[in-house]
Structure formats: C-alpha cells, structure tokens
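In what follows, every chain begins at residue 1, and chains take the letters A, B, ... in the order their sequences are listed.
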Number of protein chains: 2
Amino acid sequence: MIRILLADDEHLIRGAMAALLSLEDDLEVVAQAATGAEAIATARVVRPDVAVIDLQMPDLDGVAVAQSLAVELPTCSTMIVTSHGRPGHLKRALAAGVRGFLPKTVSSDVLATVVRTVHTGGRYVDPALAAEAISAGDSPLTPREADVLELALEGAPIEEIARRASLSPGTVRNYLSSAVGKTGASNRHEAARFARAKGWI
Amino acid sequence: MIRILLADDEHLIRGAMAALLSLEDDLEVVAQAATGAEAIATARVVRPDVAVIDLQMPDLDGVAVAQSLAVELPTCSTMIVTSHGRPGHLKRALAAGVRGFLPKTVSSDVLATVVRTVHTGGRYVDPALAAEAISAGDSPLTPREADVLELALEGAPIEEIARRASLSPGTVRNYLSSAVGKTGASNRHEAARFARAKGWI
DNA sequence: AGTTCCCCATGACAGATGTCATGACTCTCG
DNA sequence: CGAGAGTCATGACATCTGTCATGGGGAACT
C-alpha cells in the first residue's frame, strides 16, 4: 500500500483527487494539506511514501515544499501537479528533487500510474511540458537582469524599480534595455511578460 | 435524480469532481466536456438539469457557455466554479444568468449542496467572492477606455494599440491618460493590472 | 597577465509616453 | 431644446524610457 500526502489549496480539488486516488486498491491518501507549511508539518508526522503537491499555493510554492521534503524525508518521493505549466517551474522543480511533474489536464489513470512510478524510484515528466521546457531554452538573462525585470512585471516606473533594487535609475535602464534586446520585445513590459511566459523570472 | 453536465479542461479535476459528485445518491454526472464548445454541443444532446462549468477554458469562457445555455436550455441551471475569482467575472456571470458561483476552495459538501440549490431554482454565490465583488465597486471606466486598457495589458506600445483598436495614437493616449487618472496608477501598465485585478477589464 | 563577463554607474540623445487644452460629432435625458 | 457624457481627433509640452558610449571594479577562466 502506497501512503500518499495530498497538498492543494483548493479544497474541492483536493477532496476530489483524494476520492479518486482512493479508488485504487494499492493507493491510500493518509493526509491532506491546504498550504505549503501545513504540508511540511503534516509530512513530518505521517511520513508518507509519496507527496502529491500542487504547484501554486497561498504561502509556500510547491517547489519550496519539495525542497524541504527532500531534505527532511529522503524516503518520500515528491511529485507536483499544476494548472499552469510554465517551463521555468519544471526546471526549478527538477532541481529541487521532484520526481514527477504533471499538468492537471492528465487523466486520473496517468496520475495513479505516476504515483506508482515515482514510488519505485522512477521519474515522470509530462511530455508536453517537457517539450515546452526544451523549446523555451535556457534563460539568456543575467541574474541581475532577471531581478530587475521581475520588479518591472507589475508595471512600476523605473524610479520605483531602482529604489526596490537599490540601484541607480540609470543602471536599471541599462539592465532593462539589455533584457528588452535579449527578448526581442519592444519595451520592458512586453519583455517582462515574455520572460515570465518562458519561466525565466 | 439530478442529471449533471460537467465541463472543465483539466481532465484530472473533471474526473475527480465527477467521482465525487457520483458519491451522492441523488446526483448523477451524465456528461463531461473539456471545452466550452463541447459543453454546449453535449448539453444540446443530453439536456442536463444542472451544468457545472469551469470559468477558464481554452476556447469559450465559462460565462459565454452559460449565456448560450441560458438561451438554448432554459430548464438547465448553470453554475460556475473557478480557481481565480475575480470580481468582474462574478458580475458578468450573474448577468449571463448563472445561478451559482463558487471558488474551487469550497468543500465537496458545499458543491453538492449548491447543485441541489440551483436545481430547485435557488441561487448561491460564495460569500467571500460576493464581498470582494462589492468592495471592488463598479468600473469607473467608459467602455472605450476599458477596451483600450485591455489592449494595453500585454505591454504593447501605443502605436500597436492604436492599430488594433482602429484609433489614432493621440486618442489612445487620451483614453489611457484618463484611465490612469481614474485608477490612481502612475502609468498605463500599472493601470491595466489594477483594472484587471478589479475585474473591470 | 590577459581576456572575458558581469555588476554598477554616468551622461547624452531620440523617441515614446503622460498630460492638458481644445473642438467636432453623436446620443441620451430631463 | 439645452446640458451632459462619451467618442474621436489634433497640437503642444514636459517627462519618462530605450539606446548607446564609456569606464571602473571584481570574479572566473586561459
């Protein structure tokens, strides 16, 4: 019997997934959590075999949870399910030791299969997401450029970005200009959206 | 027995919700759809009592589906479930004749209860979303301002917005300036994000 | 030691953007 | 009808942004 921890902030989804996984004879949902912190705390106690974590949760990112679990419970395999699969997340997740990465568009059969796969030490990444990640390529942005571009995401004026990044406005403009060039965008806002879509920030 | 049509592009969620609803004795999921168009086509054939529609789907918006169903199948009550509850959607949904509006954070009990409520002609809107919608207030933007601001959302330069809206660049700048003033933002990008958050565009 | 890349900054310039004044046309409402 | 509001446009002005040249300092690699 594979003991599963399920974490998703959407109560409905979580309950439904639990119901669905429980239909399988060899799977058992032994704990549920609605936040990242809760997931970690619960995992410490119940020590599940597999943790199925939603990528987007109010507090801790699914990847952050996976990172903690990898350290604290090396015997527990972590897999992530997500609604919006951006390439960057996949890379970060794999780097954090996640063994399975699925969009929520897969069928329940696949989910159950992947739970078994990761439990036996295998890995599984959704082919479509993998292809997207490969096509997105590596980020051409330097760390600083990425920082600044991320602050630009909310549409703040350069003055504010400079303050928040503790840089001179001129430097911010240089970084942004460079980022705009690298992304092929026509202004920083477009560049920021593009980089976000690629998972670079 | 209440006959239900379930539409959600996320296969996993849809299957899970179906499993969950089927646990109830008086509910029966008679059809499922992965897109808006599919939902409408299927509904025409199976004529369900209640349609449970996800707000965000690849093709047609959940609200658009609700609108079609209200016309074609007046006997079918429509309710919408969503992950990201923005106030504007709620208003649009109610205007489209939707009888129930829920975030996916609710428990399955609530879902089942609301299905029964809307089936008997009642209405149900999640209290938290309702409060948010009220606090967001009505949009101060004129229709044209909203149009233009929406085009600005992607970060396009004014030149392109003007082309896409078939307006002169000067006019676009006037609308945007007005919108920026009304939202209290410091530039159009911030204004666009703000308006989006409020559900105005 | 030299090269290369990143970080940070400044200054200058052109073009994009935000703001304001102004005006014509249309529609609605009292 | 007149008032008010929305739509569309133009012109002028100040400011913001994007781009480019330039330079010092540090880290990494050859």
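- For Arg44(A), the salt bridge (charged side-chain N to carboxylate O under 4.0 Å, His left out) partners are Glu72(A), not counting sequence neighbours.
- Between Arg188(A) and Pro143(B), the residue whose closest nucleotide on DNA chain D is further toward the 5' end is Pro143(B).
- Where Ser168(B) and Asn187(B) meet DNA chain D, the nucleotide closest to each residue was compared, and Ser168(B) sits on the side nearer the 5' end.
- Distance check, rounded to the nearest 0.5 Å: CG of Asp109(A) to NE2 of His11(B) gives 7.5 Å.
- What separates NE2 of His189(B) from C1' of dC16(D) is a distance of 11 Å, to the nearest Å.
- Residue Arg173(A) has its side chain nearest to dT17(D) when only dA9(C), dG6(D), dT17(D) are considered.
- Proximity of Thr142(B) to the phosphate of dT7(D): a side-chain N or O atom is located under 4.0 Å from OP1 or OP2.
- Counting non-hydrogen atoms under 4.0 angstrom, Ser177(A) reaches a base of the nucleic acid.
- Using a distance-only test at 3.5 Å, with no hydrogens or angles considered, a donor-acceptor pair links the side chain of Ser77(A) to the main chain of Val118(A).
- Put simply, CD1 on Ile158(A) is 15 Å from C1' on dG18(C), counting in whole angstrom units.
- If you check dC7(C), dT17(D), dC8(C) against the side chain of Thr171(A), the one that comes closest is dC8(C).
- Rounded to whole Å, atom C1' of dT17(C) lies 17 Å from atom CG of Leu167(B).
- For the pair Gly170(B) and Arg144(A), both in contact range of DNA chain C, the more 5′-proximal nearest nucleotide belongs to Arg144(A).
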CA sep, side-chain torsions, deciding dist, call: Arg14(A), Asp54(A), salt bridge (Lys or Arg N to Asp or Glu O under 4.0 Å): CA-CA 9 Å; Arg14(A) 179 157 40 88; Asp54(A) 185 24; over 6 Å; no
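- Taking the six-membered ring for Trp and thresholds of 30 and 60 degrees, His189(A) and His189(B) have nearly parallel ring planes, at less than 30 degrees apart.
- Nearer to the 5' terminus of DNA chain C, by closest-nucleotide assignment, is the contact made by Lys182(A) (compared with the other of Lys182(A) and Pro169(A)).
- Look at CG on Leu176(B): it is 13 Å from P on dT7(D), rounded to the nearest Å.
- Distance, Glu160(A) CD to dT17(D) P: 11 Å, rounded to whole Å.
- Scanning atom types as modelled, one donor and one acceptor separated by under 3.5 angstrom connect the side chain of Asn174(A) and the base of dT10(C).
- Straight-line distance from the CD1 atom of Ile161(A) to the P atom of dC16(D): 14 Å, rounded to whole Å.
- Residue Tyr175(A) places its side chain closer to dC7(C) than to any other of dC7(C), dG18(D), dG18(C).
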